[in-house]
Amino acid sequence: MDRLKRALRRINRIRSIAVLTGSGISAESGISTFRDKGGTWDNYDVEQVATYEGFSNNPSLVWEFYDKRRCEIKKTSPNNGHFALSKLERASEQNNVIFTLCTQNVDGLHHRAGNKNVLELHGNLWDAFCINCGLHVLLTETPLKTIPPKCSKCNNLLRPNVVWFGEPLCETTLNHAFEVMDCDILIVVGTSLLVYPVAYFPFLALRNNALVIEVNIEKTEASDCFLFVQGKAGETLSVITETIMDYLLDQNEKN
Ligand code: BV8
Ligand code: ZN
């Protein structure tokens, strides 16, 4: 962690910390990633299960895909990587540092680990809405009794409240994320950085002179642009967040 300590010393005062996570942070909870060997996209055709066209063609197939993931996620728990980030959020609050966690994940594990200021960039698979009247429904039963689930108000199809390929991210969320990337530290964890526009975010942070720390079990195409720390999220994040928390305490004592 000497590289991290040296990099932290170059920051005059830490006022804001951002985090960007992908499916790799949930891997140690037993949830498969998308593009690793044997991952989700090895077993499903993304066009069929993660696009609006796929949903229109076969809503039952798409709901079976999401319901299977919901059942798996229900049985898992947050891991040390998730808990390290909720600890960092509490320490940031105690030291008057703004903390925002942006996630591409739709599993809801960051909330379950205790993080509060979470921006779910691609939605959340526990939430659904009616394609006709827009009624939102929290779908907690697993497995679903009826596939595809219907709207209790107008009996039209419900769809998962997630962002599919070819769909724009929610504008408010996107604008908020752009603001969040104007930060002093960005920690990027467990993402291949292959999905846009989120893959641009670390470069926005770099342009704002942020210290960008990337945690991954292997290098991504962008790793040479960041302070790359190779390792599993669970172990590595605990060390990184402890180092940052010590620094926050120091900077508070000095002022
Ligand atoms: C849009 C749905 C436009 C929810 C997902 C340029 C600009 C804008 C768009 C595009 C563009 N170029 C191409 C596009 C189109 C497309 C895109 O990016 N395609 C890519 C594939 C080329 N983007 C879109 O379609 C986006 N929409 O731009 O709309 C628009 C604008 C106006 C009007 C109309 C349209 C929408 C993108 C969102 C798609 N939805 N998911 C769900 O079912 O989950 S994306 C999907 O990928 C998930 O959300 C996932 O989170 C995300 C990213 O994947 P990762 O999380 O990174 O997972 P991955 O498996 O890839 O990597 C895991 C990493 O973890 C690896 O690096 C691995 O090494 C590491 N790891 C593994 N274990 C561990 C670990 N690290 C640490 N510890 C471990 N233990
Ligand atoms: Zn309806």
Side-chain angles (χ1 to χ4, degrees), residues 20-44 46-55 62-63 65-70 73 79-82 84 102-110 120-137 149-171 173-174 187-203 214-223 228-238 240:
L20 173 63
T21 64
S23 60
I25 195 167
S26 297
E28 290 154 78
S29 296
I31 299 173
S32 59
T33 61
F34 288 89
R35 296 168 186 85
D36 287 328
K37 205 165 161 348
T40 306
W41 298 147
D42 278 354
N43 301 302
Y44 290 91
V46 60
E47 299 294 331
Q48 285 188 331
V49 295
T51 62
Y52 190 76
E53 294 70 27
F55 177 77
V62 172
W63 270 111
F65 168 65
Y66 280 96
D67 202 37
K68 182 168 179 289
R69 287 170 69 189
R70 285 154 29 91
I73 292 162
N79 63 60
N80 289 339
H82 295 102
C102 302
T103 186
Q104 300 172 89
N105 300 342
V106 295
D107 56 30
L109 287 183
H110 287 302
E120 291 179 319
L121 302 165
H122 292 159
N124 186 309
L125 55 61
W126 298 104
D127 190 28
F129 62 90
C130 173
I131 59 169
N132 173 55
C133 72
L135 178 79
H136 267 258
V137 185
K150 298 284 181 62
C151 173
S152 55
K153 226 166 99 189
C154 72
N155 202 36
N156 263 280
L157 277 175
L158 294 181
R159 60 159 282 178
N161 185 19
V162 298
V163 180
W164 282 325
F165 286 100
E167 294 188 317
L169 278 67
C170 155
E171 200 175 334
T173 305
L174 206 51
I187 309 172
V188 182
V189 194
T191 177
S192 58
L193 287 175
L194 291 174
V195 174
Y196 292 85
V198 174
Y200 290 132
F201 289 9
F203 298 94
E214 184 188 29
V215 175
N216 202 310
I217 50 171
E218 61 186 13
K219 280 202 160 189
T220 61
E221 282 167 23
S223 298
F228 176 70
V229 183
Q230 185 150 14
K232 288 185 165 186
E235 302 141 20
T236 321
L237 265 182
S238 311
I240 289 173

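Order of listing sets the numbers, starting from 1, for every ligand and every atom in it. Every value quoted in this text rests on a predicted model; they were computed, and no experiment measured them. All heavy atoms count here, side chains included; hydrogens, waters and symmetry mates do not.
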- Message: Looking at S29 and I31, would you say the former's side chain and the latter's main chain have a donor-acceptor pair under 3.5 Å?
- Response: no
- Distance from atom 72 (C) of ligand 1 to nearest protein heavy atom, with residue and atom: D36 OD2, 3.2 Å
- Message: With rounding to the nearest 0.5 angstrom, report the CD1 to NZ distance, I73 to K68.
- Response: 10.5 Å
- Minimal non-hydrogen separation, E221 against L194, with atom names: OE2-CD2, 4.2 Å
- If we only count N/O pairs under 3.5 Å, is Y66 in contact with ligand 1? yes
- CD (Q104) and CD1 (I25) are apart, to the nearest 0.5 Å, by 11.5 Å
- Task: Starting from atom 78 (N) of ligand 1, locate the nearest protein heavy atom and write down its residue, its atom name and how far away it is, to 0.1 Å.
- Result: A233 N, 2.9 Å
- Item | Atom indices of ligand 1, in the order listed, that fall short of 4.0 Å to a heavy atom of L194 | 20 (C), 21 (C), 22 (C)
- Message: Give the atom numbers and elements of ligand 1 that come within less than 4.0 Å of a heavy atom of T191.
- Response: 55 (P), 57 (O), 64 (C), 65 (O), 67 (O)
- Is ligand 1 under 4.0 Å from a heavy atom in the side chain of I217, in the backbone, in both, or in neither? both
- Closest approach of Y52 to R159 (non-hydrogen atoms, all atoms of both residues): CD1-NH1, 3.6 Å
- Item | Minimum heavy-atom distance between C102 and L121, given as atom pair plus value | CB-CD1, 3.9 Å
- Message: Tell me the nearest of A50, G190, G22 to atom 65 (O) of ligand 1, using heavy-atom distances.
- Response: G190
- Are there protein heavy-atom neighbours of atom 15 (C) of ligand 1 below 4.0 Å? no
- Judged by heavy atoms only, the candidate from H122, Q230, E167, Q104 nearest atom 3 (C) of ligand 1 is E167
- Query: Taking the Zn ion (ligand 2) as the vertex, what is the angle from SG of C133 to SG of C151, given to 10 degrees?
  - Reply: 110°
- Query: If you measure from atom 41 (N) of ligand 1 to every heavy atom of V49, V62, V163, which option wins on shortest distance?
  - Reply: V163
- Task: Report the nearest protein non-hydrogen atom to atom 44 (O) of ligand 1: residue, atom name, distance rounded to 0.1 Å.
- Result: R69 NH2, 3.1 Å
- Does F34 reach ligand 1 with a nitrogen or oxygen that is under 3.5 Å from one of the ligand's nitrogen or oxygen atoms? yes
- Task: Working to the nearest 0.5 Å, report the span between OG1 of T191 and CZ of R35.
- Result: 7.5 Å
- Item | Salt bridge E218-K37, side-chain N to carboxylate O under 4.0 Å | no
- Structural part of L125 in contact with ligand 1, heavy atom criterion under 4.0 angstrom: neither
- Near R35 (heavy-atom distance under 4.0 Å), the atoms of ligand 1 are 47 (O), 53 (C), 54 (O), 55 (P), 58 (O), 59 (P), 60 (O), 61 (O)
- Message: Under 3.5 Å, is there a donor on one side chain and an acceptor on the other for S26 and S23?
- Response: no
- Taking only heavy atoms of K232, which atoms of ligand 1 are found under 4.0 Å from at least one of them? 78 (N)
- Pick one: which of N161, D107, V106 meets side-chain contact (heavy atoms from CB on, under 4.5 Å) with L125? V106
- Task: Taking E28 for its side chain and A233 for its backbone only, find out whether a donor-acceptor pair lies under 3.5 Å.
- Result: yes
- Query: At what distance is the nearest protein heavy atom to atom 67 (O) of ligand 1, and which residue and atom is it?
  - Reply: N216 ND2, 2.9 Å
- Task: Mark up the atoms of ligand 1 that fall under 4.0 Å of a heavy atom belonging to W164, in ascending order.
- Result: 36 (C), 39 (C)
- Query: Which heavy-atom pair separates R70 from W126 by the least distance, and what is that distance?
  - Reply: O-CH2, 3.3 Å
- Identity and distance of the protein heavy atom lying nearest atom 79 (C) of ligand 1: G24 O, 3.3 Å
- Item | Check: L169 N/O within less than 3.5 Å of ligand 1 N/O | no
- Item | Selected option - heavy-atom contact closest to atom 73 (N) of ligand 1, from A27, P197, S23, S26 | A27
- Task: Report yes or no: does N132 contribute a side-chain atom to a donor-acceptor pair with the main-chain N or O of L157 at less than 3.5 Å?
- Result: no
- Of the protein's non-hydrogen atoms, which lies at the shortest distance from atom 12 (N) of ligand 1, and what is that distance? Y196 CD1, 3.9 Å
- atom 25 (O) of ligand 1: the protein heavy-atom neighbour that sits closest, reported with distance to 0.1 Å: G166 N, 2.7 Å
- Message: Out of all atoms in ligand 1, which are within 4.0 Å of some heavy atom of E28? Include the element for each.
- Response: 78 (N), 79 (C), 80 (N)
- Item | Protein heavy atom at shortest distance from atom 31 (C) of ligand 1 | P168 CB, 3.8 Å
- Nearest 0.5 Å, what's the CG-CZ distance between L174 and F201? 5.0 Å
- Message: Any side-chain to backbone donor/acceptor pair from N105 onto G22? Under 3.5 Å, distance only.
- Response: yes
